[in-house]
Amino acid sequence: KYVVHIRHIFSAIVMVALTIFGFMVFRQYLNTNQLTTVMKLPTAWVYSIVPICLALGALHTIVDVIEGFTSGGELQKGDAK
């Protein structure tokens, strides 16, 4: 029971940290004004999907944590037994 809560909390912390790091890297790409080699697209916009996906993953894990505590600690479908 508690292992699932700890796993969800740890996952949420990792995902939030990765999201913050992803946005920091995105800001660096914005500051360099680099373009891709062939298409001449701004590199920052090409790699902008990384922090967006990480933010969605962080949101998903935070929802898992909230659901885990509001469900009274019951295992949900897909959780380890």
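Neither Val16 nor Val50 shares a network with the other; the hydrophobic side chains, linked directly or stepwise wherever heavy atoms of I, L, V, M, F, W or Y lie under 4.5 Å apart, form separate groups for each. Hydrophobic clustering, with ILVMFWY side chains joined whenever heavy atoms are under 4.5 angstrom apart, keeps Leu35 apart from Met39. Tracing side-chain contacts under 4.5 Å through hydrophobic residues (I, L, V, M, F, W, Y), one reaches Ile13 starting from Val65; they form part of the same cluster. In the hydrophobic clustering of this structure, Phe23 does not group with Trp45; members are Ile, Leu, Val, Met, Phe, Trp, Tyr whose side-chain heavy atoms approach within less than 4.5 Å, directly or through other members. Cluster membership for Ile49 and Leu18, using ILVMFWY side-chain heavy atoms within less than 4.5 angstrom, is shared.
Remark: Tyr47 OH is loosely packed, at most 12 non-hydrogen atoms of other residues, nucleotides or ligands lying under 6.0 Å away.
Side chain of Thr36 to main chain of Thr43: no donor-acceptor pair is present (N/O by atom type, distance under 3.5 Å, no hydrogens or angles). Side chain of Thr19 to main chain of Leu54: a donor-acceptor pair is present (N/O by atom type, distance under 3.5 Å, no hydrogens or angles).
Checking each of Val63, Asp64, Leu56 against His60 for a side chain to side chain contact (heavy atoms under 4.5 Å, CB included) leaves exactly one that passes, namely Asp64.
With rounding to the nearest 0.5 Å, the separation of CD in Glu67 from OG1 in Thr70 is 6.5 Å. Residue Met15 holds its CE atom at 13.5 Å from NE2 of His8, rounded to the nearest 0.5 Å.
Nearest approach of Thr61 to Ala12, heavy atoms of both residues: OG1-CA, 3.4 Å. Between Ser48 and Pro51 the shortest heavy-atom distance is O-CD, 3.2 Å.
Ring orientation note: the planes of His5 and Phe69 are close to parallel, at an angle under 30° on the 30°/60° scale.
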